[in-house]
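Just follow the structure's listing: the first ligand is 1, and inside any ligand the first atom is 1. If you read the sequence from its start, that first residue is 1, and numbering goes on from there.
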Amino acid sequence: MIYIHIPFCKQKCSYCNFHFSTSLNLKDEMISAMAKEINLRQNELENKTLKSLYFGGGTPSLLKVDDLKFLIDEVLKYHTFDPNIEITLEANPDDLSQSFLKELSNTEFNRLSIGTQSFFEPDLKMMNRAHNSEEAESSIKRAQDFGFENISIDLIYGSPTSNMKIWKENLQKTIDLKVPHISSYALTVEPQTALHQWVLSNKIVKPNESEQNEEFYFMSGFLKENGFEHYEISNFAKPGFHSKHNSAYWNYNEYLGIGPSAHSYNGRTKRSWNIANNSKYIQEIASNKLPLETEILSEKEQFNEMVMIGLRTIWGMNFPKLKQKISEELFQKAEISINQKLADGFLVLENDFLKIPEKHWFLSDGIASDLFLV
Ligand code: SF4
């Protein structure tokens with residue numbers, strides 16, 4: 001799997017602390033640098049047949065379709081595509097114009113992940129999104145008119161500008177629009193964001209956790225009634241529309257991340273991440289250096305990662321595989337907390353898989369971190 005990080009955005013959303021720049025000055029140099037990184041790292045993936053190619057960001061839909069196509073062709077120089085490859089473009093509603101979609105429909109892209117976030121104008125304004133509620137809806141319809149069936153939308157719940165009634169309307173709209181995949185996250189207040197400043201200066205109330213909890217469980221029940229599988233804490237899919245990209249992460253498959261701040265993993269113990277600085281990234285690549293840092297995961301870190309990721313999915317975590325990852329001594333240590341969680345009902349063991357019962361999913365991060373080896 002390859003992930004390509006496009007580090008540009010039109011404007012800064014109030015809650016976001018991802019890596020991006022709102023200036024497009026370095027766009028052309030960035031695309032050339034990424035093409036070169038694809039070349040420099042052509043031998044990094046063991047499996048050269050890709051099942052997923054994902055353009056994320058940032059806002060990849062800010063690029064011209066020709067630029068996106070150019071990067072796909074660069075990937076194709078060194079890798080082959082599985083016949084059922086998923087090629088995803090993260091796109092913001094305001095970028096999905098008729099002309100953009102028309103061009104895009106003539107490329108290899110077969111999946112769109114649209115940053116809708118909400119269909120409710122006050123939510124979008126508070127989040128400082130570049131689109132309005134009309135564009136939130138019309139962009140999805142337009143994409144469908146151009147033949148994109150495999151569409152995921154992002155939705156944010158628990159916003160101080162929303163409430164349960166609005167959240168229900170957002171979800172109903174999603175059903176009416178016949179979108180087959182949803183990724184949904186609670187609004188969180190991250191450091192160094194406008195939202196954080198507003199909360200500190202009492203300009204806005206902090207998102208309420210118990211309301212978020214209620215909205216989460218309402219969403220889970222409602223989407224299941226409407227034919228979705230709640231297959232990961234934040235992800236819902238109609239049959240046949242699970243995200244291959246996400247599934248590769250959850251199965252600890254190798255992946256290669258291209259572009260500033262992108263992460264890579266060799267499927268075993270080695271992880272690396274590119275520098276989160278656009279001009280330094282371009283400079284380093286220009287001098288044939290890979291602008292990345294690498295770490296080798298210790299036994300404990302591998303265990304903790306498996307726990308963190310595995311317990312977020314409906315399938316859970318393969319218990320025998322977990323046992324193989326660490327020494328007998330460490331496993332005995334881990335078993336004490338696992339047995340405690342099993343006894344308290346926060347974990348269940350089914351057919352060799354450890355899972356968090358769905359009624360405790362909202363607490364999954366805390367449950368997982370209680371199991372970490374330190
Ligand atoms: S468009 Fe996405 S990446 Fe860009 S600022 Fe908004 S949330 Fe962050």
Partner of Leu112 under side-chain contact (heavy atoms from CB on, under 4.5 Å), chosen from Val179, Asn150, Thr88, Leu89: Leu89
Joint hydrophobic cluster, Val348 plus Ile356, side-chain heavy atoms closer than 4.5 Å: no
Is NZ or CZ of Lys168 both nearer than 6.0 Å to the six-membered ring centre of Phe218 and within 45° of the ring axis? yes
So the protein N/O/S atoms within less than 2.8 Å of atom 4 (Fe) of ligand 1 come down to Cys9 SG
Is the closest basic N to carboxylate O distance between Glu350 and Lys355 below 4.0 Å? yes
Consider only side-chain N and O atoms of Asp154 and Thr116, and report whether a donor and an acceptor are under 3.5 Å apart. no
Between side-chain atoms of residues 286-294 and protein atoms elsewhere (two or more places apart, or another chain), which donor-acceptor pairs fall under 3.5 Å?
| from | atom 1 | to | atom 2 | distance (Å) |
| --- | --- | --- | --- | --- |
| Ser287 | OG | Gln283 | O | 3.3 |
| Ser287 | OG | Glu284 | O | 3.1 |
| Asn288 | OD1 | Lys36 | NZ | 2.9 |

Please verify whether a non-hydrogen atom of Gln117 lies at under 4.0 Å from ligand 1. no
Atom indices of ligand 1 within 4.0 angstrom of Arg129 heavy atoms, with elements: 1 (S), 6 (Fe), 7 (S)
Under the 3.5 angstrom rule, does the side chain of Ser220 hit a backbone N or O of Tyr217 as a donor-acceptor pair? no
